[in-house]
Amino acid sequence: MRPIRLPEPPIGRRSAAEVFEAGIYGIIKRVVVIGNGFSGAENQCIGLVRALGLSGCLTLYRVTRPRGGINKWLHWLPVSLHKKLDYVIRQICIYSGVQVEARWGLSSVIEADAKQIAMMARDTFEKEGPLLVIASGRDTISVASSIKRLATENVFLVQIQHPRSRLNRFDLVITPQHDYYPLTPHGQRQIPWFLRRWITPRRPPARHVVLTVGALHPADSAALRSAASVWHDELAPLARPLLVVNIGGPTSSCQYGADLAKQLIAMLQNVLWSCGSIRISFSRRTPEKVSKILLKEFSSNPKVYIWDGEGPNPHMGHLAWADAFVITADSVSMLSEACTTGKPVYVIGAERCTWKLADFQKSLRERGAVRPFTGKEDISESWSYTPLNDTAGAASQVMKALAARGWPIDA
C-alpha cells in the first residue's frame, strides 16, 4: 500500500526575545472572523487563523444576505440596502396576509455589527490587547472596513479576496493572483473598458497586498493527520491506488453540464483498470443532472463509492488518504487543497475556463501541480511537484505586518 503523504508542519514562528520586546505594545491573542455563510469564503479565514495558531481564540460573526424568492434578483445590491429592502417587502407581505419564507441564516452565529465589534475592541484594548479581524467575501467588506474605521488604533484588519476598490481601507489584503488582475489578453477583453481601471489594477500591487496562487484553506498538516486517523477504519482497507473524484459546479467562468458528466464517465471507465478504488463526491453547487448521470453509471460498480451527502462529509479524509485526484476545473478551493498534498492532481474541464479561472489553471500547470485528465492515465503511476503553501505563506506575511505594528501573536 502506498504510504500517506501529508504536508509538513510549519516551523516555529517567533522567539521568546521577540515576545518580550513586544510586551509594551500589545500582543494579538484574540481574533474575530467576519463570514458570509459560505464555506468557500469562511474556510479561507479559518485556514488563516489555524496557520496563525489562534484557533482557540476565534469568534465568528456573519453578514447574512436575505435569500429566497425575489432576493435572487437583488444579490447585486449592497448587503445593507438589500436587507432594508427585504425588510420592507416582508412587512408589506405580512400586512397583506401573504406568507413569507423564513430568513436565511444560522441562529447559532452572531450577526456582524460593526459598531458593536468596534466598541468591544476599544473598550477591551487595555485588558485584552489589539483585535485581529479577518474577513472574506464581498458582503463582508463594508462591515469589516467600518470596524477598522471606528477602531483604527485597536484593530488590525485582514481582508481575504480582492475588495476591488479602496484597498487602503485594509491593513492587509490577501487575494489569489488571478483574482487581483487577469493576466491574459483573452481575460482583458472580457472586461468592459470602463471597468478595467478597478478590476485590473496597475502592477505591481501595493505593499500591503499579498498575492497567492490559490485559495487559503484549513487543510494543514495537523488537520490532515487528524482526518487520516478519523477516517482510518473506512478508507485504510480500500484497494489501492485510491482515486478521489471531486465535482464542483458550473460558474460564469467555467460553464458545463451533462456533457462534462458524460465525458468524465468515459474517462473514468478508461482508467478504472489501474484503480483499486474510486471515491466520488459532489459539492453543493453540483447540478442534479450531473450527479444523476454519474450515480446511474457507477452506483452498481463495486470499485466505485459515491458519497450521497448523508452522514459526515469525507472530504478531509479523502485529502488524507487519496493517492490521486480528479477535480473539475471550476473549483479553486478544491484544487488548492488537493495541490497542498503534493499528490497527483488531474483536472477535467480546464479548456472551458475563461478569464480568471483560465489564469488560475495556467498557473497550476506551469508549477507542475496539475495535469489535464485525458482518460489515458495509469493512476498507479505517481508524479511529484512542490506542494502549494499559500496558507502558511499568507500567515507569515500577516505576522510580519503585525510585528511591524508592534503587535506580535500570542502563540
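Worth knowing before you read on, the calculation uses all heavy atoms, side chains too, and leaves out hydrogens, waters and symmetry mates.
Two residues are said to be in side-chain contact when any heavy atoms from C-beta on lie closer than 4.5 Å; Tyr61 and Asp113 fail this criterion. By the 4.5 Å heavy-atom criterion applied to side chains, Pro130 and Glu153 are not counted as neighbours. When side chains are defined from C-beta on, Phe298 counts as touching Ile306, because their heavy atoms get closer than 4.5 Å.
Within the structure, side chain to side chain donor-acceptor pair (under 3.5 Å) pairs that include any residue of residues 127-137 do not occur (at least two apart or interchain). Residues in residues 386-396 take part in no side chain to side chain donor-acceptor pair (under 3.5 Å) pair, two or more places apart or across chains. For residues 258-276, the side chain to side chain donor-acceptor pair (under 3.5 Å) pairs, not counting sequence neighbours, are Asp259-Arg352, Gln263-Arg352, Gln269-Glu297.
Atom CE of Met119 is surrounded by 12 or fewer heavy atoms from other residues, nucleotides or ligands within 6.0 Å.
Of the possible polar contacts, none joining the Lys148 side chain to the Phe156 backbone as a donor-acceptor pair under 3.5 Å is found. No donor-acceptor pair under 3.5 Å is formed between the side chain of Arg30 and the backbone N or O of Thr59. For the pair Ser226 (side chain) and Ala223 (backbone), a donor-acceptor distance under 3.5 Å is absent. Of the possible donor and acceptor atoms, one in the side chain of Arg169 sits under 3.5 Å from a partner among the backbone N and O of Arg166. Under a 3.5 Å cut-off, the side chain of Ser336 and the backbone N or O of Ala215 do form a donor-acceptor pair.
Partners of Phe360 by ring pair (Phe, Tyr, Trp, His ring centres under 6.0 Å), not counting sequence neighbours, listed by chain and number: His178. The side-chain hydrogen bond (donor to acceptor under 3.5 Å, both in side chains) check on Glu337 picks up His315, with sequence neighbours excluded. In terms of the side-chain hydrogen bond (donor to acceptor under 3.5 Å, both in side chains) criterion, residue partners of Glu377 (sequence neighbours excluded) are, by chain and number, Thr374.
Partner of Val304 under the side-chain contact (heavy atoms from CB on, under 4.5 Å) criterion, out of Ile280, Leu243, Val245: Ile280 alone. Among the candidates Val31, Leu58, Ile134, the single residue satisfying the side-chain contact (heavy atoms from CB on, under 4.5 Å) test with Leu52 is Ile134.
The closest side-chain donor-acceptor pair between Tyr256 and Asp330 falls under 3.5 angstrom.
The shortest heavy-atom contact between Ala350 and Arg365 is CB-NH1, 4.3 Å.
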| query | Under the side chain to side chain contact (heavy atoms under 4.5 Å, CB included) criterion, do Leu238 and Trp321 qualify, and how do the steps go? | reply | CA-CA 10 Å; Leu238 296 179; Trp321 283 98; over 6 Å; no

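Of the charged side-chain nitrogens involved, at least one lies within less than 4.0 Å of a carboxylate oxygen, so that Arg62 and Glu42 count as a salt-bridged pair.
Both the sub-6.0 Å distance and the 45° axial angle are satisfied by Arg371 relative to the ring of Trp383.
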